[in-house]
Amino acid sequence: GGCDESLPGNGFVRHMQVIYSDPGQKLSMTGLLGSLQEHALQGTMTISLKSEGDTTIISTTYHVSGHFPGGLEKIAVPVDQVITEQFTRLGKQIDGTL
């Protein structure tokens, strides 16, 4: 399914929809995050988990294509920064350091 976020006035926003799930291994979702939703874009995010001893390595890729005014290069770095921040917070929450 999808991940819906409630908005005031009974509104909602659907961020992404699961298109592949291999529990403990890989999750793929399609959709756009934040302000990317306002543009003629498509996106697929894949989250992979890899066990290394007592540690689980989480890696993610987010492929976005389509038309963005001024080119996708214009937003690549800020989008990467936001995703990096979110996954860093996730790691800290899992580790108990948040």
Side-chain angles (χ1 to χ4, degrees):
C3 175
D4 295 345
E5 177 184 353
S6 297
L7 298 175
N10 293 323
F12 75 93
V13 59
R14 174 161 290 160
H15 294 287
M16 298 192 135
Q17 190 165 15
V18 175
I19 57 171
Y20 178 85
S21 175
D22 183 1
Q25 302 293 316
K26 189 179 285 188
L27 177 70
S28 292
M29 301 170 287
T30 187
L32 298 166
L33 299 172
S35 60
L36 298 179
Q37 291 182 331
E38 300 173 7
H39 301 280
L41 302 170
Q42 290 185 317
T44 301
M45 179 181 284
T46 300
I47 302 168
S48 299
L49 305 174
K50 182 180 177 187
S51 185
E52 290 188 4
D54 292 340
T55 302
T56 300
I57 305 299
I58 301 172
S59 61
T60 185
T61 58
Y62 188 34
H63 297 284
V64 177
S65 63
H67 173 73
F68 186 84
L72 286 170
E73 301 81 20
K74 182 177 180 179
I75 59 165
V77 170
V79 168
D80 186 54
Q81 289 172 337
V82 169
I83 292 171
T84 298
E85 178 183 328
Q86 291 171 335
F87 277 89
T88 299
R89 282 197 324 255
L90 173 63
K92 289 180 178 182
Q93 189 164 16
I94 291 169
D95 290 344
T97 58
L98 181 63

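Index from 1, following the sequence. Side chains included, hydrogens not; waters and symmetry mates left out as well; all remaining heavy atoms used.
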**Request:** Check the pair Val64 / Leu72 against side-chain contact (heavy atoms from CB on, under 4.5 Å), numbers first and verdict last.
**Result:** CA-CA 8 Å; Val64 177; Leu72 286 170; 4.2 Å; yes
**Asked** For Glu85, which residues count as a salt bridge (Lys or Arg N to Asp or Glu O under 4.0 Å) partner, sequence neighbours excluded?
**Response** Arg89
**Fill in**
When rounded to the nearest 0.5 Å, the distance separating CG of Leu90 from CD1 of Ile83 is 13.0 Å
**Message:** To the closest 0.5 Å, what do you measure between CZ (Phe12) and CG (Asp4)?
**Reply:** 5.5 Å
**Request:** Output the distance between atom NZ (Lys92) and atom CG (Asp95), rounded to the nearest 0.5 Å.
**Result:** 9.5 Å
**Request:** Could you tell me whether the side chain of Ser28 and the main chain of Ser21 form a donor-acceptor pair under 3.5 Å?
**Result:** no
**Request:** Sorted by first residue and then second, give each salt bridge (Lys or Arg N to Asp or Glu O under 4.0 Å) pair with at least one member in residues 63-84; sequence neighbours left out.
**Result:** none
**Prompt:** Checking side-chain contact (heavy atoms from CB on, under 4.5 Å) for the pair Asp22/Leu27: CA distance, chi angles, key distance, verdict?
**Reply:** CA-CA 6 Å; Asp22 183 1; Leu27 177 70; over 6 Å; no
**Message:** Working to the nearest 0.5 angstrom, can you tell me the gap between Ser48 OG and Lys26 NZ?
**Reply:** 4.5 Å
**Asked** Does the pair Glu52 and Lys50 meet the rule for a side-chain contact (heavy atoms from CB on, under 4.5 Å), with working shown?
**Response** CA-CA 6 Å; Glu52 290 188 4; Lys50 182 180 177 187; 3.9 Å; yes
**Asked** Hey, is CD on Gln37 packed in by over 12 heavy atoms from elsewhere, all under 6.0 Å?
**Response** yes
**Request:** Under the ring-ring contact (aromatic ring centres under 6.0 Å, His included) rule, collect the residues that match up with Tyr62, sequence neighbours excluded.
**Result:** none
**Prompt:** Does Glu5 use its side chain to pair, donor to acceptor, with the backbone of Val13 at less than 3.5 Å?
**Reply:** no
**Item:** Gln93 CD to Phe87 CZ distance, which is reported to the nearest 0.5 Å
**Value:** 13.0 Å
**Message:** Less than 4.5 Å apart, side chain to side chain, heavy atoms only: is that true for Ile47 and Met29?
**Reply:** yes
**Prompt:** Can you check side-chain contact (heavy atoms from CB on, under 4.5 Å) on Thr60 and Thr46, steps first, answer last?
**Reply:** CA-CA 5 Å; Thr60 185; Thr46 300; over 6 Å; no
**Asked** Is there side-chain contact between Ile57 and Leu49, with heavy atoms separated by less than 4.5 Å?
**Response** no
**Complete:** side-chain contact (heavy atoms from CB on, under 4.5 Å) test vs Met45 passes for just one of Leu33, Thr30, Thr61, Ile19, namely Leu33
